[in-house]
Asks: 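Dropping a structure here in structure tokens format, bear with me for questions.
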Amino acid sequence: MSTHLRSGLTLPATVRLGLFQGCLGCLAVIFSGLLNRIMLSELGFPGLLVGGALAFEQFVAPSRVLFGQISDAHPLASRHRVPYVLIGTAAFCLLAVLSVPLIFQVGRLLQDGSQPGLALGIAALCGLFALYGLAISLATTPYLALVIDRTSELERPRAVSIIWCMLTVGIVIGAVAIGVSLRSLDGVNDPRVLQAALSRFMTIVAAVVMLLTVVATWGMESPLRERTDGTAPRREDAIGLRQSWTLITSSRQVLIFFSFLILFTLALFLQDPVLESYGAQVFAMPIAATAQLNAFWGVGTLVGLLLAGLWVVPRLGKMATARLGCQLIALSLLLLLVAGLTARIPFLQAVMVLFGLAAGIGTNSALCLMLDLTLPQAAGTFVGVWGLAQALSRAIGKLLGGGLYDIGRALPLGDGPYGPFALVLGVELLVALAALVLLARVNVRQFREDTSRSLSQVLELELG
């Protein structure tokens, strides 16, 4: 690893770097929670359209592998990571602001039912979310590679805990900001009023996110020393795309862990497209109250991340903690099903805290495993592969969550709104159990043996 990068991260520097993750958490609440709710409940979008449109953000996830490899091999402004983070952030902030008027325009076209305007509107909405996903991939893949660049294997668990705690803090802050800023919209159904308020809110959020990203990354990466011809040198350990692909395919453990990440992430987020509508239709909660469900989940996740990083992982180990996380996620989903039968809001809120706790414990251990199954010589590329698994799962979750909800409404699942939501949560419970089964087949030692052997072969070939 290049010595100019591996300088370690102090606690204040780690917290500052985590501001970017906090911004991502805030935007995630807005996109997966608030805009979902507005499209489903206030504008009457079909569930499959909502899930499908938002899934386009994740369908472009294969770009993560490419962006990771590009940041490994091609510096901008004499830096491998930070310029890509800033360019990606500027792009997704702009697209976030543009999403609000487009959503309401599609809502008007849905009411009119006019063709081909409606088809063009839906295509534009899907295209915007695809571009948003590309921008997120461009920013987040080099960002995670920067975390690996700046930390040793011993430092990484602490950095993961702090940075993902910041992500959760961002989720909580985002949920609280929605509740406070949009409280006046409770009971409002006029699309013009909703659009004006949401546009103002999104513009402010985008400006704050851009500012905090600059603060988070300032000075985090030293410039490369230029060669005598005035060009920036390649990293001492950089390898090309073809060699990176050889490493990725050198161990069966890559496929096993890739599949586990898909199932684990799906078990956390399959309910995302319908959660706030679950609160609205089954529990009769207003907009501000359903937004707070993300805050309860976020508080639980924050506690879970801290518990895992500071106490559980050091005592049980990463694999045992990951198993515990999957088991608690399955239990939480079962309790979410029970909560709908009682229709008691305090019970739902308590379950969301437990669900967050399970998510925090599982996420910390899964992320530590993810970083352990990454070679520093191809950090961007491996992070891209793991990011692809998570993003692909988020895409499947949004599409499948919305689709299952629509199927549930078409099936005779009993009177009232509970049945379709129960179908979504029931399938999610089965996915959590499948992730638990697959986790037993993950072997970090085997991965390291396979990829180290392959790396030696790659370097021998390059040296001729």
Side-chain angles (χ1 to χ4, degrees), residues 1-9 17 20 60-89 91 134-153 155-156 159-160 163 217 220-227 231-251 254 257-258 261 367 370-391 447-448 450-463:
M1 191 66 205
S2 301
T3 54
H4 74 281
L5 286 174
R6 184 59 59 78
S7 57
L9 282 174
L17 187 59
F20 175 74
V60 296
S63 65
R64 290 172 182 257
V65 182
L66 178 61
F67 289 144
Q69 200 281 327
I70 288 173
S71 75
D72 278 343
H74 303 287
L76 289 178
S78 298
R79 291 171 173 83
H80 281 275
R81 313 299 188 195
V82 171
Y84 291 100
V85 176
L86 294 176
I87 293 171
T89 302
L134 284 173
I136 290 287
S137 297
L138 176 58
T140 57
T141 305
Y143 172 80
L144 292 179
L146 177 62
V147 175
I148 295 175
D149 289 345
R150 292 294 306 272
T151 58
S152 67
E153 188 174 336
E155 294 170 329
R156 225 160 271 155
V160 166
I163 289 172
T217 56
M220 283 293 173
E221 186 179 19
S222 301
L224 299 168
R225 286 191 292 271
E226 292 189 347
R227 293 192 294 232
T231 61
R234 286 172 57 89
R235 288 161 59 113
E236 299 160 12
D237 53 11
I239 57 178
L241 182 59
R242 188 174 51 135
Q243 292 84 357
S244 296
W245 182 250
T246 300
L247 287 176
I248 290 168
T249 56
S250 65
S251 176
V254 173
F257 190 67
F258 185 90
L261 281 179
L367 286 168
M370 182 184 82
L371 298 182
D372 283 352
L373 273 74
T374 296
L375 287 186
Q377 292 84 353
T381 306
F382 270 99
V383 167
V385 172
W386 306 143
L388 169 61
Q390 294 175 308
F447 166 85
R448 287 177 173 167
D450 293 345
T451 52
S452 295
R453 189 183 312 115
S454 180
L455 176 62
S456 298
Q457 294 171 352
V458 165
L459 293 178
E460 286 172 8
L461 288 174
E462 287 203 334
L463 291 173

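Everything numeric here is computed off the predicted structure, so don't read it as measured data.
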Asks: Please report the shortest heavy-atom distance between Pro83 and Leu76, naming the atom on each side.
Replies: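 Closest approach of Pro83 to Leu76, heavy atoms only: CG-O, 3.1 Å.
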Asks: Run through Leu138, Leu134, Thr140 and flag the one making a side-chain contact (heavy atoms from CB on, under 4.5 Å) with Arg64.
Replies: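 Filter result, single survivor: Thr140.
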Asks: Please give me the minimum heavy-atom distance between Ser137 and Pro142, naming the atom from each residue.
Replies: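 Minimum heavy-atom contact is O-CD, 3.9 Å.
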Asks: How long is the gap from CG on Leu17 to CD on Glu221, to the nearest 0.5 Å?
Replies: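 Spacing of CG (Leu17) from CD (Glu221) equals 11.0 Å.
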Asks: A side-chain contact here means heavy atoms from C-beta on lying under 4.5 Å apart; do Asp72 and Arg81 qualify?
Replies: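 Asp72 vs Arg81: side chains touch.
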Asks: Determine whether Phe20 and Ile163 satisfy the following criterion, side-chain contact (heavy atoms from CB on, under 4.5 Å), listing intermediate values before the conclusion.
Replies: CA-CA 9 Å; Phe20 175 74; Ile163 289 172; over 6 Å; no
Asks: If you round to the nearest 0.5 Å, how far is OG1 of Thr217 from CG of Leu146?
Replies: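 Between Leu146 CG and Thr217 OG1, I get 8.5 Å after rounding to 0.5 Å.
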Asks: At their closest point, which heavy atom of Pro75 faces which heavy atom of His80, and how far apart are they?
Replies: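 Nearest pair, atom of Pro75 first, then His80: CD-CE1, 3.8 Å.
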Asks: Can you list everything that forms a side-chain hydrogen bond (donor to acceptor under 3.5 Å, both in side chains) with Thr89? Sequence neighbours excluded, please.
Replies: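 side-chain hydrogen bond (donor to acceptor under 3.5 Å, both in side chains) list for Thr89, sorted by chain: empty.
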Asks: Run the ring-centre check on Phe67 versus Tyr84 and record whether the distance is less than 6.0 Å.
Replies: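 No, too far apart.
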